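Okay, structure first, notes after.
Small disclaimer: the values here were computed from a predicted structure and weren't measured. Positions are given from 1 along the sequence. Because only heavy atoms are used, hydrogens play no part in the values below, and waters and symmetry mates are left out as well, while side chains stay in.
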Amino acid sequence: MTAQAALDLADAIAEQLADPHRALPGPAVSRRQHLAHGLPGIALLHIERAAAGIGSWQRAHDWLAAASREPLTSGPDSHPFYGAPAFAHALACAADHLPGAYRRALDTLDRQLAADVGHRVGAAHRRMDAGRLPALAEFDTIRGLTGYGAYLLRRDAGAPTLLAILEYCVRLTRPITCAGETLPGWWTATGPSGRPDNRFPGGHANSGMAHGIGGVLALLALAARHGTCVNGHSEALRRILAWLDRWPEDAGRGPAWPYWVTRRELRSGHRAPSAPRRPSWCYGTAGLARAQQLAALALGDPRRQVYAENALVAALTDPAQLKATTDNGLCHGFAGLAHLAARAADDAHPSTIGQLRATIPALLAAVHPPGTDPTHAATRLMQDGGRGPGLLDGAAGIGLALLASSTAAPPRTPWDACLLIA
């Protein structure tokens, strides 16, 4: 797939999402405040295009206005991907390129987010003081404190609220004793859904970028690269890396990290055999390799950096892992893999940068096969009722990934900061 073909499909997606009053499919309406599926995520596509000089700021404003037409949810019913925090992410991406615009709204949102984070951090420390295990939603990227940290890191890298989150993350990485057994501090008593699950007796340690320790690793690494560190910061990075070093599987071409570790596996020290799994952003090797690359850069560890980059190349060229990838979206599809490869290549060691960039054309071709009409392809994406037009699974996210992956330059806006990959 050529860079021009990728841009043509991104253009076609943007055109079909030009007007929020005419292009609002059912899921986007019902999840109006949701960054993953609703209007703030679609706004990000138009904000990035406008910042790149290939789209209209008016379109971006129209989607932001539509997303905020009703009161935004805040407090305990909101989270980084829903309500006021989700809208704040999109609004801040626009404000970065429009000096003075949206300042009053962002100031109001930032005060609300700081209050919400304060309540969450306080509750988390009380939970740890009592020796209880965390819920995934306490710390993860989608619903928890790691996701709030992603937003705050680029808004104000020295903010006391961000430092409080980083201090919490450091404490989260320390072992916890539960019923006489030593567990990693992020061990949860539930299944990966966050609910009790008979398939996970004794709970699990989640590895994912979306819902596990991978997101915490990425936040700590990115903060360190911004020069924002707290006591125990480097030690926390190394504790997470040491945990990941225990669990890679040999995928034939390179290491593959599991989505999670169960209590039985922890006790035995061995992973149960499993079929190849997709190497996505949300779970698996692609996202974790990028997080480990960022951690290596933060720690000044070129050996680990090259190891992580080679693991990503292996995952993106392994037929068995790619066969397990069955959709095109940003979260766990081919567009997301192409975007991860591009972001990793931006920071890569000279020995691996060429290999990383070489994976991108085939990944883009899986999204948009050569010879496919871009308008028809965009229509199919829009009409996919299971995925819709949104950021994580749908057309807007694919459009953003196509824009970023088809050029040698990073995105003009930090739209993907919510994914903790840059």
Task: salt bridge (charged side-chain N to carboxylate O under 4.0 Å, His left out): pairs with one or both residues in residues 98-118, sequence neighbours excluded - done: Asp110-Arg155
Open item on the list: Test your reading of the model: is there a side-chain donor-acceptor pair from Trp257 to the backbone of Glu249, 3.5 Å cut-off?
Closed with: no
Task: Leu220 backbone acceptor or donor facing His233 side chain under 3.5 Å - done: yes
- [ ] Search all heavy atoms of Pro411 against all heavy atoms of Asp416 and return the closest pair with its distance.
- [x] CG-OD2, 4.4 Å
Task: Heavy-atom side-chain contact between Thr146 and Leu420 under 4.5 Å - done: yes
TODO: Specify the closest pair of heavy atoms between Ala298 and Leu237, including all atoms of both residues, with the distance to one decimal.
DONE: CB-CD1, 4.4 Å
Task: Modelled atom types, side-chain donor and acceptor of Arg264 and His204, under 3.5 Å - done: no
Task: Side chains of Arg387 and Asp327 in contact at under 4.5 Å (non-hydrogen atoms) - done: yes
- [ ] With the side chain counted from C-beta on, respond yes when Ser68 and Phe87 share a heavy-atom pair under 4.5 Å apart, and no when they do not.
- [x] yes
TODO: May I have the step-by-step check of side-chain contact (heavy atoms from CB on, under 4.5 Å) for Trp281 and Ile421, ending in yes or no?
DONE: CA-CA 9 Å; Trp281 166 74; Ile421 60 174; 3.8 Å; yes
Open item on the list: Looking only at the side chains, is there a donor atom on one of Asp301 and Gln305 sitting less than 3.5 Å from an acceptor on the other?
Closed with: no
Task: Residue pairs passing the salt bridge (charged side-chain N to carboxylate O under 4.0 Å, His left out) test where at least one lies in residues 358-368, sequence neighbours excluded - done: none
- [ ] Would you mind checking if Glu138 and Arg120 are paired as a salt bridge, meaning a charged N to carboxylate O distance below 4.0 Å?
- [x] no
TODO: Work out which heavy atom in Trp247 is nearest to a heavy atom in Pro258; give both atom names and the distance.
DONE: O-CD, 3.2 Å
Task: Closest heavy-atom pair and its distance - His89, Ala417 - done: CE1-CB, 4.3 Å
Task: Gap separating the CG atom of Leu152 from the CG atom of Leu145, nearest 0.5 angstrom - done: 10.0 Å
Open item on the list: For a 4.5 angstrom cut-off between non-hydrogen side-chain atoms, does Trp186 reach Asn206?
Closed with: no
TODO: Output yes when Arg304 and Glu309 qualify as a salt bridge under the 4.0 Å nitrogen-oxygen rule, no when they do not.
DONE: no
Open item on the list: Taking Ser351's backbone N and O only, do any of them form a donor-acceptor pair with Gln355's side chain (distance below 3.5 Å, no angle check)?
Closed with: yes
Task: Which residues share a ring pair (Phe, Tyr, Trp, His ring centres under 6.0 Å) with Tyr283, sequence neighbours left out - done: Tyr259, Trp260
Task: CA sep, side-chain torsions, deciding dist, call: Leu39, Gln33, side-chain contact (heavy atoms from CB on, under 4.5 Å) - done: CA-CA 6 Å; Leu39 278 65; Gln33 298 185 39; over 6 Å; no
Task: Taking every non-hydrogen atom, the tightest pair across Leu356 and Ala341 - done: O-CB, 4.1 Å
TODO: Hey, could you give me the OG1/CD distance between Thr108 and Gln112, rounded to the nearest 0.5 Å?
DONE: 9.5 Å
Open item on the list: The criterion is side chain to side chain donor-acceptor pair (under 3.5 Å); which residues satisfy it with Asp318, sequence neighbours excluded?
Closed with: Gln321
- [ ] For the pair Thr285 (side chain) and Ala315 (backbone), establish whether a donor and an acceptor sit closer than 3.5 Å, ignoring hydrogens and angles.
- [x] no
Task: Any donor-acceptor pair under 3.5 Å from Ser78 side chain to Ala84 backbone - done: no
Open item on the list: Would the distance check show the side chain of Thr228 and the main-chain N or O of Ala224 forming a donor-acceptor pair, the cut-off being under 3.5 Å?
Closed with: no
- [ ] Go through Phe81 and Arg143 one step at a time and tell me if the side-chain contact (heavy atoms from CB on, under 4.5 Å) criterion holds.
- [x] CA-CA 7 Å; Phe81 272 66; Arg143 300 162 298 177; over 6 Å; no
TODO: Would you indicate whether the side-chain heavy atoms of Leu133 and Thr188 approach each other to under 4.5 Å?
DONE: no
Task: CG on Leu337 to CD1 on Ile360, rounded to 0.5 Å - done: 11.0 Å
- [ ] Test Ile213 against every option in Asp140, Leu288, Ile240 by the side-chain contact (heavy atoms from CB on, under 4.5 Å) rule and name the one that passes.
- [x] Ile240
- [ ] Write out all pairs satisfying side-chain hydrogen bond (donor to acceptor under 3.5 Å, both in side chains) with one or both partners inside residues 371-382, taking only residues at least two apart or from two chains.
- [x] Gln16-Thr379
Task: Nearest heavy atoms of Leu266 and Val261, plus distance in Å - done: N-CG1, 4.0 Å
Task: All side chain to side chain donor-acceptor pair (under 3.5 Å) counterparts of Glu265, not counting sequence neighbours - done: Thr262, Arg271
Task: Gap between atom NE2 of His368 and atom CG of Leu7 - 0.5 Å precision - done: 10.5 Å
- [ ] Could you tell me whether the side chain of Ile165 reaches within less than 4.5 Å of the side chain of Val216, counting heavy atoms only?
- [x] no
Open item on the list: Nearest 0.5 Å, please: how far is CG in Leu172 from CG in Leu166?
Closed with: 12.0 Å
- [ ] Just jot down the ring pair (Phe, Tyr, Trp, His ring centres under 6.0 Å) partners of Trp187, sequence neighbours excluded, or say none.
- [x] none
Open item on the list: Quick check for you: to the nearest 0.5 Å, what is the distance between Leu44 atom CG and Arg49 atom CZ?
Closed with: 13.5 Å
Donor-acceptor contacts, no H, no angles, side chain residues 90-99, under 3.5 Å, sequence neighbours left out:
{"unit_1": "His97", "atom_1": "NE2", "unit_2": "Arg412", "atom_2": "O", "d": "3.0"}

TODO: Applying side chain to side chain donor-acceptor pair (under 3.5 Å), name anything that partners Thr173, two or more places apart in sequence or on another chain.
DONE: Arg239
Task: Any residue meeting side chain to side chain donor-acceptor pair (under 3.5 Å) with Arg253, in chain and number order, not counting sequence neighbours - done: none
Open item on the list: Go through it in stages, so that I can follow the logic: the residues are Leu312 and Gln293, the test is side-chain contact (heavy atoms from CB on, under 4.5 Å), and I'd like the CA-CA distance, side-chain angles, deciding distance and then a yes or no.
Closed with: CA-CA 9 Å; Leu312 181 55; Gln293 179 199 32; 5.9 Å; no
- [ ] Flag the pair Ile142 / Pro80 as yes when at least one side-chain heavy-atom distance between them is below 4.5 Å, and no otherwise.
- [x] no
TODO: Scan for salt bridge (charged side-chain N to carboxylate O under 4.0 Å, His left out) pairs involving residues 272-293, sequence neighbours excluded, and state none if there are none.
DONE: Arg290-Asp347
Open item on the list: Do Leu64 and Ile47 make a side-chain contact, defined as non-hydrogen atoms from C-beta onward lying under 4.5 Å apart?
Closed with: yes
TODO: Hey, could you give me each pair passing ring pair (Phe, Tyr, Trp, His ring centres under 6.0 Å) that has a residue in residues 309-350? Not counting sequence neighbours.
DONE: His339-Trp415
